[in-house]
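Here's the structure we're looking at; comments come further down.
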Amino acid sequence: QVQLVESGGGLVQAGGSLRLSCVASGRTFVSYTLGWFRQTPGKEREFVAGISWSAGYTYYAASVKGRFTISRDNTKNTVYLQMNSLKPEDAAVYFCAADSRRLSIMTMTSRDFTSWGQGTQVTVSS
């Protein structure tokens, strides 16, 4: 497993942008499948975006497609989530996740991941 630490959350006005970062340590994650999830109080953790180990494939939840972009820099052991045109409904705690298996990024869920960060809060004011 790897240890993950997210950063970049904060308060932003609707229509604004934020970039979340997640740095992995402990093991190189070049072969890991990576994902971003989010959670609001009383709700299950939901998938936001995923990226394959090679970065050749990305997949997004319908609610964020066209506004969010996931990317990874294996030389820095970092995965990013660029969030543009933020909406109040995007407000949540965002978590990055990693798994050493080559998961299907189109069907993966939170149950598939073995390593999680502590989360970073994103607040969007209307």
Please step through side-chain contact (heavy atoms from CB on, under 4.5 Å) for the pair Tyr32 and Arg102, ending with a clear verdict. CA-CA 7 Å; Tyr32 279 53; Arg102 297 183 182 181; over 6 Å; no
In the structure I gave you, are the side-chain heavy atoms of [X] and [Y] within less than 4.5 Å of one another anywhere?
| X | Y | value |
| --- | --- | --- |
| Ile51 | Ile105 | no |
| Thr123 | Val12 | no |
| Leu20 | Val122 | yes |

Measuring from [X]:[atom1] to [Y]:[atom2], what's the distance to the nearest 0.5 Å?
| X | Y | atom1 | atom2 | result |
| --- | --- | --- | --- | --- |
| Met106 | Thr58 | CE | OG1 | 10.5 Å |
| Gln3 | Ser115 | CD | OG | 7.0 Å |
| Asp112 | Thr107 | CG | OG1 | 7.0 Å |

Ignoring hydrogens, what is the shortest heavy-atom contact between [X] and [Y]? Give both atom names and the distance.
| X | Y | value |
| --- | --- | --- |
| Val23 | Lys76 | CG1-O, 4.4 Å |
| Ala14 | Ser126 | CB-CA, 4.3 Å |
| Ser71 | Val79 | O-CG2, 3.2 Å |
| Val93 | Gly119 | CG1-CA, 3.8 Å |
| Leu4 | Ala98 | CD1-N, 3.8 Å |
| Leu86 | Arg67 | CA-NH1, 3.9 Å |

Donor-acceptor under 3.5 Å (Tyr60 side chain, Ile70 main chain):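 It does hold such a pair.
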Quick check: does any side chain N or O of Thr33 sit under 3.5 Å from a backbone N or O of Arg101, one acting as donor and the other as acceptor?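 It does hold such a pair.
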Report yes or no: do Asp73 and Thr78 form a side-chain donor-acceptor pair below 3.5 Å? no
Going by distance alone, is a donor N or O of one side chain under 3.5 Å from an acceptor N or O of the other, for Asn84 and Ser17?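 A pair is found: one side chain offers a donor N or O, the other an acceptor, under 3.5 Å apart.
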Transitive ILVMFWY side-chain link [X] to [Y], under 4.5 Å:
| X | Y | result |
| --- | --- | --- |
| Val124 | Val48 | yes |
| Val2 | Leu34 | yes |
| Phe47 | Tyr57 | yes |

Can you run down the ring pair (Phe, Tyr, Trp, His ring centres under 6.0 Å) pairs that involve residues 68-118, sequence neighbours left out, and say none if there aren't any? Phe37-Phe113, Phe37-Trp116
Tell me which pairs pass disulfide bond (SG atoms under 2.5 Å apart) where either residue lies in residues 12-108, with sequence neighbours left out. Cys22-Cys96
For residues 36-55, pull every pair meeting salt bridge (Lys or Arg N to Asp or Glu O under 4.0 Å), keeping only residues two or more places apart or in separate chains. Arg38-Glu46, Arg38-Asp90
